[in-house]
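In this chain, residues are counted from 1 in sequence order. Computation of the quantities below employed the complete heavy-atom set of this structure, encompassing side-chain atoms and omitting hydrogens, waters and symmetry-equivalent molecules.
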Amino acid sequence: MTFIPVDKEELRKASYAACRAHPTSDAAKALVSKLASMVEEHTIQTGLRERKRRDTADKLEYATGAFLADLLRPFEMDEPKSCWVYKSLHKASFTGAPVGRRAFDQLYAGLEGLGFLQHVPGHKVSDERSDTGKYAARFRATPELLTLCAEQGVPPRAVLNHFEFEYELPKHPVQLRARKAKNFFRSTDIPGKPMEFERTPMLGGMEHAISELNEFFAKHTLRGGQHHGYVRIFQNGDDPDFAWNKGGRLYSQHFTESYQVMPSEDRRRMTINNEPVAEIDISGSYLTIFLSLHGLQLDLTEDPYALPGLGPEHRGAVKQWFVGTFGNSKPIRRWPKDMLDGDPDLRQHHVPDISKAVFAKYPVLGSWGEPLNGRTYSWADLMWLESEVMFSTMLELMCEHQTPSLSVHDSLIVPISKAETANAVLKRRFLTRQKVVPRLKTNLPEQA
């Protein structure tokens, strides 16, 4: 077996091995059958079993196909973030799972013994990024396994042409969370602790609509990213004025591995039904919504983050000023620590200078956090208004145009041939909801 160095960062970025896939092409079926037989023979040769058992052969073959698909999945991308996958070996993790513990134990031990699998046992994590918790076991296909797959007519790059991944869509796609502990929030975090709630007829109708959206997209083929259905998460459920009108974004499952946390340039390399995608972005979404609450229309002719007296080199910091302010109870006076930890270069930009320029262009921003028409708005209120626009747009695209779409909170991904339609629907939905026109930007794939 070829020795492969282990990189801790790649281990951390491993994707989840759900073991829910099966071969669909003749080549993949033959490959899976061959691998399962090799594992069975290895088990006998090493003395772990005296003879083949018919009652376990089918289970081992299914496990082989499901796990092999997970091992090959990272290679569908030209530059995968990690070639490792993770799966807990704890007994409880196999309860009710399609692949049983005994079959999986035999499978990974056999593949490792054959030189087809590299395995890093689950271990405690103690480094600068995380000093608590544990890693589940990590697995990676060796070059020998990748070569065998290619020789058998199943090149790893074309894994989706040979395997169908089976996803269990969320049964209850509405969730509720308590107020988050910090003012500042990151786009890769889902803030707040989960809360119990009564599923009323209103929520039942909402869950039905989300499930329809999930089932509709499941009939289409996404490549280059992962999406296993949405849950709609509402925040600040412990606020006294909560009325299912805070938060409400659609989060792709499993969120930390989904297309939603991918860099934008990687998302634009995705395809839906083998067609390149376009991503339609609402420029300054929260800013546009906040201005609309004051009856103001954002200037559509210029960049909302271009401020008087500040050159283009300040644009990134200006955008972060809005992120920090809308995530806070009032306009920020200094960079929050979490923001500086994530982007130390912000120290080069003085918050008072940016605030002065912001208030010069948008005087009303100075009132952020103050009562407006009898209520005080927070980031959760702006998020809900934004989510209502996005959710209604996706439902209309599905029902009226039979168009699959993916949300990235303040942007929408659709097949490139449907970009013009999606742009029109999103603009109209925003205008209907907020009485202003949003500034939309359509980002096309590099090759388009």
Side-chain angles (χ1 to χ4, degrees), residues 13 15-16 18 20 81 165 167-182 184-197 199 203-218 220 222 224-238 242 244-264 266-267 270 272 277 279-282 285-286 289 323 326-327 378-395 397-398 404-414 426:
K13 294 180 178 179
S15 56
Y16 177 56
R20 288 179 175 272
K81 64 178 182 179
F165 287 80
Y167 301 124
E168 186 175 358
L169 297 176
K171 294 180 180 178
H172 292 292
V174 171
Q175 296 181 11
L176 179 62
R177 302 211 172 199
R179 174 177 284 274
K180 58 190 175 62
K182 297 181 179 180
F184 174 68
F185 63 98
R186 300 183 184 182
S187 61
T188 53
D189 294 334
I190 303 179
K193 294 182 179 180
M195 295 178 62
E196 295 292 331
F197 60 93
R199 283 187 158 78
L203 294 178
M206 185 190 301
E207 288 199 324
H208 179 72
I210 300 170
S211 294
E212 282 192 322
L213 200 63
N214 288 341
E215 292 165 4
F216 175 72
F217 195 89
H220 301 268
L222 174 68
Q226 295 197 44
H227 173 59
H228 305 165
Y230 289 113
V231 295
R232 192 176 186 189
I233 300 180
F234 290 82
Q235 270 94 13
N236 293 14
D238 48 354
F242 177 80
W244 297 100
N245 58 353
K246 297 179 185 292
R249 275 182 170 175
L250 292 171
Y251 288 89
S252 173
Q253 302 301 292
H254 298 88
F255 177 61
T256 57
E257 299 162 14
S258 76
Y259 73 91
Q260 287 183 334
V261 297
M262 293 167 56
S264 59
D266 290 343
R267 290 198 300 267
M270 298 191 307
I272 296 177
V277 299
E279 184 167 353
I280 304 168
D281 177 68
I282 304 175
S285 177
Y286 279 11
I289 293 172
V323 171
F326 286 133
S378 72
W379 63 269
D381 298 291
L382 300 183
M383 183 182 288
W384 179 70
L385 294 171
E386 176 189 84
S387 74
E388 284 288 278
V389 171
M390 301 304 292
F391 187 41
S392 63
T393 297
M394 296 172 73
L395 290 176
L397 288 172
M398 175 184 69
S405 60
L406 295 169
S407 165
V408 196
H409 308 324
D410 61 354
S411 68
L412 200 63
I413 297 172
V414 295
L426 179 56

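- Taking CD1 of I272 as the reference point, atom CG of L406 lies at 4.5 Å (rounded to 0.5 Å).
- Within the 4.5 Å cutoff, the side chain of Y230 has heavy atoms near those of the M394 side chain.
- Side-chain N or O atoms of E215 include none that pairs as donor or acceptor with a backbone N or O of L213 at under 3.5 Å.
- Once rounded to the nearest 0.5 Å, the distance linking CZ of R267 with CD1 of I413 reads 5.5 Å.
- The closest donor-acceptor contact from the side chain of Q260 to the backbone of S407 lies under 3.5 Å.
- Of the residues R232, H409, R249, the one that meets the side chain to side chain donor-acceptor pair (under 3.5 Å) test with S387 is R232.
- In terms of heavy atoms, S411 sits closest to E279 at OG-OE2, 2.7 Å.
- Between P173 and E207 there is a side-chain heavy-atom pair separated by less than 4.5 Å.
- The shortest heavy-atom contact between Q226 and S252 is O-OG, 3.9 Å.
- Rounded to the nearest 0.5 angstrom, F217 CZ and L169 CG are separated by 11.5 Å.
- Residues A209 and L395 come closest through the heavy atom pair O-CD2, 4.0 Å.
- The CZ atom of R179 lies 7.0 Å from the CG atom of D238; values are rounded to the nearest 0.5 Å.
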Full working for side-chain contact (heavy atoms from CB on, under 4.5 Å) between D410 and Y286: CA-CA 9 Å; D410 61 354; Y286 279 11; over 6 Å; no

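- Atom-to-atom distance recorded for S211:OG and M206:CE is 12.0 Å, nearest 0.5 angstrom.
- Under the side chain to side chain contact (heavy atoms under 4.5 Å, CB included) test applied with V389, the options I289, L426, L412 reduce to a single match, L426.
- Within the 4.5 Å cutoff, the side chain of M390 has heavy atoms near those of the I282 side chain.
- For the 3.5 Å distance criterion, the side chains of D381 and S378 qualify, holding a donor opposite an acceptor.
- In this structure, M195 and F242 have side chains that are not in contact, with every pair of non-hydrogen atoms separated by 4.5 Å or more.
- Within the 4.5 Å cutoff, no side-chain heavy atoms of W384 are placed close to those of W244.
- Partners of F216 under the side chain to side chain contact (heavy atoms under 4.5 Å, CB included) rule, at least two apart in sequence or in another chain, are H220, M398, P404.
- Taking CG from N245 and CD from Q235, the interatomic distance works out to 12.0 Å, rounded to the nearest 0.5 Å.
- Between the side chain of Q175 and the backbone N or O of I233 there is no donor-acceptor pair closer than 3.5 Å.
- The heavy-atom pair separating P170 from G229 by the smallest distance is CD-CA, 4.2 Å.
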